[in-house]
Amino acid sequence: MANMIREMTTNEIDRVGDIWLNSNLEAHDFIDKNYWLNNLETVKEQFRQAEIYVYELDDKICGFAGLQNDYLAGIFVQKDYRNHGIGHQLLDYLKQTHQKLTLDVYDKNERARKFYKVNGFNLASSGIDEVNGEEEYQLIWQKEIK
């Protein structure tokens, strides 16, 4: 099985959007599903301005990471491919080219919080997401200076 991480092409936006939508619906069942459904087209437009790195396995995109400068908008992996190290590989790829990464994660998304903690992210601040009233944390990772 051949796999690779590469930049997304514009003709892959719909596939990446499907992974984004399904991952958010599964991971954030505490948020009204219409929030995600109503934002899908806006997010697809944002993909055009962001750095999107896809994880391809046997010519099929099964996960991706989205960046805007040093802000990690998220790592999303299709359900059938979770727990196979794809998220770790995407994150390690990004860590090679960035000195620091920041992200926001909901308190109730325990799986993501644990993933980022294991991968060296630390709490920078906490607050309430004004859009949906959920508690969220801003996490930061910084490359160690040797």
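Only this structure's heavy atoms are used, side chains among them; waters, hydrogens and symmetry mates stay out.
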I'd like to know whether Tyr106 forms a side chain to side chain contact (heavy atoms under 4.5 Å, CB included) with Ile31, so could you lay out the CA-CA distance, the side-chain angles of the two residues, the decisive distance to 0.1 Å, and finally the verdict. CA-CA 10 Å; Tyr106 290 113; Ile31 294 176; 3.6 Å; yes

Which value, rounded to the nearest 0.5 Å, describes the distance between Glu41 atom CD and Gln46 atom CD? 11.5 Å

State, with a plain yes or no, whether a side-chain heavy atom of Glu56 is found less than 4.5 Å away from one of Arg6. yes

Can Leu67 and Tyr53 be said to form a side chain to side chain contact (heavy atoms under 4.5 Å, CB included), step by step? CA-CA 8 Å; Leu67 277 172; Tyr53 296 94; 4.1 Å; yes

If we check side-chain contact (heavy atoms from CB on, under 4.5 Å) with Leu21, which of these qualifies: Ile19, Leu25, Asn24? Leu25

What orientation do Phe47 and Phe64 show, parallel under 30°, tilted 30 to 60°, or perpendicular over 60°? perpendicular

Would one find more than 12 heavy atoms of other residues, nucleotides or ligands at under 6.0 Å from atom CD of Glu130?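 Open.
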
For residues Thr9 and Glu12, is any side-chain donor paired with an opposing acceptor at under 3.5 Å?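 Result is yes, a qualifying pair exists.
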
Run the side chain to side chain contact (heavy atoms under 4.5 Å, CB included) check on Val54 and Ile5 step by step: do they pass? CA-CA 6 Å; Val54 297; Ile5 296 173; over 6 Å; no

Minimum heavy-atom separation for Leu94 and Ala65, please, with both atom names.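 Looks like CD1-CB, 3.8 Å.
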
Spacing of Tyr116 atom OH and Asn109 atom CG [to the nearest 0.5 Å]: 8.5 Å

Hphob cluster co-occupancy, Ile140 + Ile75, side-chain heavy atoms under 4.5 angstrom: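 No; tracing contacts between hydrophobic side chains, which count when under 4.5 Å, never links both residues.
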
Taking side-chain hydrogen bond (donor to acceptor under 3.5 Å, both in side chains) as the definition, give me every residue that meets it alongside Glu110, ordered by chain and number, with sequence neighbours left out. none

When you measure from the side chain of Arg48 to the backbone of Thr10, do you find a donor-acceptor pair of N or O atoms at a distance under 3.5 Å?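 Side chain of Arg48 to backbone of Thr10, a donor-acceptor pair under 3.5 Å: no, none is there.
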
Just wondering, do Trp141 and Asn119 contact through their side chains at under 4.5 Å, heavy atoms? no

To the nearest 0.5 Å, what is the distance between CG (Leu40) and CG (Asp14)? 8.5 Å

Would you say Lys44's side chain and Asn39's backbone share a donor-acceptor pair under 3.5 angstrom? no

pair Leu103-Phe121: side-chain heavy atoms closer than 4.5 Å: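 In contact.
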
To the nearest 0.5 Å, what is the distance between CG on Asp129 and CD on Glu135?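 That separation rounds to 11.5 Å.
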
I want to check something: taking the side chain as every heavy atom from C-beta on, are Glu7 and Glu51 in contact at a cut-off of under 4.5 Å?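 The answer is no, as the side chains (C-beta and beyond) never meet within the 4.5 Å cut-off.
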
How far apart are the closest heavy atoms of Lys95 and Leu101, and which atoms are they?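 Heavy atoms only, the tightest pair is CG-CD1, 4.3 Å.
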
Any donor-acceptor pair under 3.5 Å from Ser23 side chain to Trp20 backbone: no

Pairwise distance OH(Tyr55) to NZ(Lys60) - rounded to 0.5 angstrom: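 Reported to 0.5 Å precision, the distance equals 13.5 Å.
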
Grouping I, L, V, M, F, W and Y whenever their side-chain heavy atoms are under 4.5 Å apart, do Val43 and Tyr35 come out in a common cluster?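 Yes; Tyr35 is reachable from Val43 via cluster members.
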
What distance separates Leu91 CG from Leu72 CG, expressed to the nearest 0.5 Å? 7.0 Å

Is any side-chain heavy atom of His84 closer than 4.5 Å to a side-chain heavy atom of Gln89?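 Answer no - side chains too far apart.
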
Between Lys108 and Glu136, does at least one N-O distance fall below 4.0 Å, as a salt bridge requires?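 Not counted as a salt bridge, because no side-chain N and carboxylate O are separated by less than 4.0 Å.
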
Within a strict 4.5 Å, meaning less than it, do heavy atoms of the Ile13 and Met8 side chains meet? yes

Quick check: do Leu37 and Asn34 have side-chain heavy atoms less than 4.5 Å from each other? yes

Mind checking whether Phe30 and Ile128 sit in one hydrophobic cluster, side chains of I, L, V, M, F, W, Y counted as touching below 4.5 Å?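 Phe30 does not cluster with Ile128.
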
Give the intermediate values and the outcome of ring pair (Phe, Tyr, Trp, His ring centres under 6.0 Å) for residues His88 and Phe115. CA-CA 9 Å; His88 287 281; Phe115 171 80; 4.9 Å; yes

Going through the checks in order, is the side chain to side chain contact (heavy atoms under 4.5 Å, CB included) test met by Asn22 and Lys79? CA-CA 8 Å; Asn22 291 324; Lys79 188 175 187 174; over 6 Å; no

According to a hydrophobic-cluster definition based on side-chain heavy atoms being under 4.5 Å apart (Ile, Leu, Val, Met, Phe, Trp, Tyr only), do Phe76 and Tyr81 belong together?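 Shared cluster, no.
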
Taking all non-hydrogen atoms of both residues into account, name the closest pair between Gln96 and Lys143 and its distance. O-NZ, 3.6 Å

Check the side chains of Tyr137 and Asp107 for a donor-acceptor pair under 3.5 angstrom, ignoring hydrogens and angles.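 Present: a donor and an acceptor within the cut-off.
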
Same cluster or not: are Trp36 and Val131 linked, directly or through other Ile, Leu, Val, Met, Phe, Trp or Tyr residues, by side-chain heavy atoms under 4.5 angstrom apart?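 Both belong to a single hydrophobic cluster.
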
Heavy-atom closest pair, residues Ile61 and Arg15: O-NH2, 2.7 Å

Are Ile52 and Val16 side-chain neighbours, meaning at least one heavy-atom pair lies under 4.5 Å?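 Ile52 reaches Val16 side chain to side chain.
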
